[in-house]
Amino acid sequence: MKKLLLMVFLFVFGAGYAHVAVAVQNDNLAGKKILIAYFSWSGNTEHLAKLIQSQIGGDMFKIETAEPYPDDYQETAYGVAKKQHENNVMPALKNNGDISGYDIIFVGTPAWWYHMAPAVKTFLSAHNFEGKTIVPFVSHGGGGRYEIPADMGKLAKGSTVLEAFDALSDGSANVEQELIDWLSKL
């Protein structure tokens with residue numbers, strides 16, 4: 001019984017310690033107002049957003065299109081989203097949020113057709129990012145982040161874009177530790 005209690009204590013303390021270690025190593029984030037804005041069609045990017053928030057705090061904003069994408073992935077990715085990208089369409093959003101009170105904005109997107117989701121383009125284009133810091137995070141099916149961080153910087157004029165985090169959308173077992181490592185280097 002004592003061994004079991006000790007193991008439970010070490011597990012709880014160890015999990016808490018990992019969180020504290022990240023917070024201590026993120027002196028650059030201390031005292032900054034943080035927003036985590038993300039678009040997520042399948043839930044993969046939302047999962048990353050929640051992991052980020054669990055480590056550094058901040059407010060969450062889910063980017064949602066006024067007209068939802070179809071439920072079928074093929075129809076969404078190979079139909080609607082592909083056409084939006086090819087025609088440079090930026091879909092209307094339910095609410096574009098307000099970034100004015102934030103210093104650091106984590107921006108999450110799935111990689112669709114080698115680019116950020118069109119809804120994220122709408123979000124970035126509609127705001128004044130002058131003097132703000134953008135921290136991209138990308139979920140993908142194997143292709144990586146492509147040029148998404150550079151493209152975010154082009155749309156969010158006057159911002160500083162930091163190194164992006166990207167993760168396979170298959171839910172890699174190491175994604176949480178990789179994210180913690182990335183956050184500690186910001």
Side-chain angles (χ1 to χ4, degrees), residues 22-41 44-67 69 80-140 143-167 178-186:
V22 170
V24 169
Q25 292 176 12
N26 274 322
D27 291 338
N28 292 332
L29 302 179
K32 305 284 185 183
K33 186 76 170 147
I34 297 171
L35 176 66
I36 303 162
Y38 67 93
F39 171 80
S40 188
W41 178 82
N44 295 321
T45 308
E46 182 173 38
H47 176 70
L48 293 176
K50 288 178 178 180
L51 285 174
I52 291 167
Q53 186 185 42
S54 75
Q55 295 299 316
I56 63 165
D59 296 329
M60 297 277 277
F61 176 72
K62 184 173 185 176
I63 300 167
E64 297 178 274
T65 54
E67 184 177 322
Y69 284 101
V80 178
K82 183 179 181 193
K83 287 178 185 169
Q84 286 177 335
H85 170 66
E86 290 172 346
N87 297 318
N88 201 28
V89 171
M90 293 188 208
L93 302 180
K94 281 185 180 180
N95 173 359
N96 209 23
D98 179 9
I99 67 162
S100 62
Y102 296 95
D103 306 302
I104 299 172
I105 300 139
F106 285 76
V107 180
T109 183
W112 282 356
W113 291 101
Y114 315 104
H115 299 278
M116 70 187 95
V120 177
K121 291 179 183 179
T122 303
F123 173 79
L124 292 170
S125 297
H127 291 289
N128 178 1
F129 282 90
E130 189 72 36
K132 298 192 182 296
T133 299
I134 293 179
V135 188
F137 60 101
V138 180
S139 63
H140 60 85
R145 65 185 85 158
Y146 304 104
E147 297 297 318
I148 291 173
D151 292 343
M152 284 184 179
K154 291 174 188 171
L155 290 172
K157 294 177 182 8
S159 67
T160 299
V161 180
L162 300 184
E163 179 185 346
F165 178 77
D166 65 89
E178 291 168 1
L179 186 125
I180 289 169
D181 293 344
W182 168 71
L183 287 170
S184 70
K185 295 175 187 173
L186 293 178

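Along the sequence shown, residues are numbered consecutively beginning with 1. Atom set for the values below is all heavy atoms of this structure, side chains included, hydrogens, waters and symmetry mates excluded.
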| message | Tell me the closest heavy-atom pair linking Q84 and P91, and the distance in Å. | response | NE2-CB, 3.8 Å

| Got a second to check how far Q55's CD is from K50's NZ, nearest 0.5 Å? | 15.0 Å

| said: For the CG atom of L179 and the CG atom of D166, what is their distance to the nearest 0.5 Å? | reply: 11.0 Å

| request: Would you confirm whether H127, through its side chain, and N96, through its main-chain N or O, come within 3.5 Å as a donor-acceptor pair? | output: yes

| request: Return the minimal non-hydrogen interatomic distance between M116 and V120, and the atom names on each side. | output: SD-CG1, 3.7 Å

| Closest contact, heavy atoms only, V138 versus P110 | CG1-C, 4.5 Å

| remark: Between P136 and M152, the two heavy atoms sitting closest are CB-SD, 3.6 Å

| message | Below 30° counts as parallel, above 60° as perpendicular, anything between as tilted: where do the rings of F106 and F137 land? | response | tilted

| task | For Y38 and E46, run side-chain contact (heavy atoms from CB on, under 4.5 Å): C-alpha distance rounded to whole Å, both residues' side-chain angles, the deciding distance at 0.1 Å, then the answer. | result | CA-CA 7 Å; Y38 67 93; E46 182 173 38; 3.0 Å; yes

| message | Once rounded to the nearest 0.5 Å, what's the spacing between atom CD1 of I99 and atom CZ of F61? | response | 10.5 Å

| field | Residue pair R145, E163: steps toward the side-chain contact (heavy atoms from CB on, under 4.5 Å) verdict | value | CA-CA 11 Å; R145 65 185 85 158; E163 179 185 346; 4.2 Å; yes

| task | Could you tell me whether the side chain of D103 and the main chain of K33 form a donor-acceptor pair under 3.5 Å? | result | yes

| query | Within a radius of less than 6.0 Å around CD of E67, do more than 12 heavy atoms belonging to other residues, nucleotides or ligands occur? | reply | no

| field | Short side-chain to backbone donor-acceptor contact, N87 and V89, under 3.5 Å | value | no

| field | Gap between atom CZ of F123 and atom OG1 of T65 - 0.5 Å precision | value | 14.5 Å

| task | Look at the side chain of T122 and the backbone N and O of A92, then say whether any donor-acceptor pair between them is shorter than 3.5 Å. | result | no

| task | Show your reasoning for whether side-chain contact (heavy atoms from CB on, under 4.5 Å) applies to L155 and K121. | result | CA-CA 7 Å; L155 290 172; K121 291 179 183 179; 3.8 Å; yes

| note | Which of V161, L124, T160 passes side chain to side chain contact (heavy atoms under 4.5 Å, CB included) with F129? It is L124

| Check: K32 and T133 side chains under 4.5 Å, non-hydrogen atoms | no

| task | Give, for atom CG of L35 and atom CD1 of I134, the distance between the pair rounded to the nearest 0.5 Å. | result | 10.5 Å

| request: Check whether any side-chain N or O of K82 sits under 3.5 Å from a backbone N or O of W113 as a donor-acceptor pair, and report yes or no. | output: no

| query | Do you know which two heavy atoms are closest between A119 and F39, and how far apart they sit? | reply | CB-CD1, 3.8 Å

| request: Rounded to the nearest 0.5 Å, what's the gap from CD1 on I63 to NZ on K94? Could you check? | output: 13.0 Å

| task | Using modelled atom types only, decide if a donor and an acceptor are shared between the side chain of S159 and the backbone of K132 within a distance under 3.5 Å. | result | no

| message | Could you report the tightest heavy-atom contact between A37 and I105, atom names first, then the distance? | response | CB-CG2, 4.5 Å

| Between F165 and W182, does the ring centre distance come in under 6.0 Å? | yes

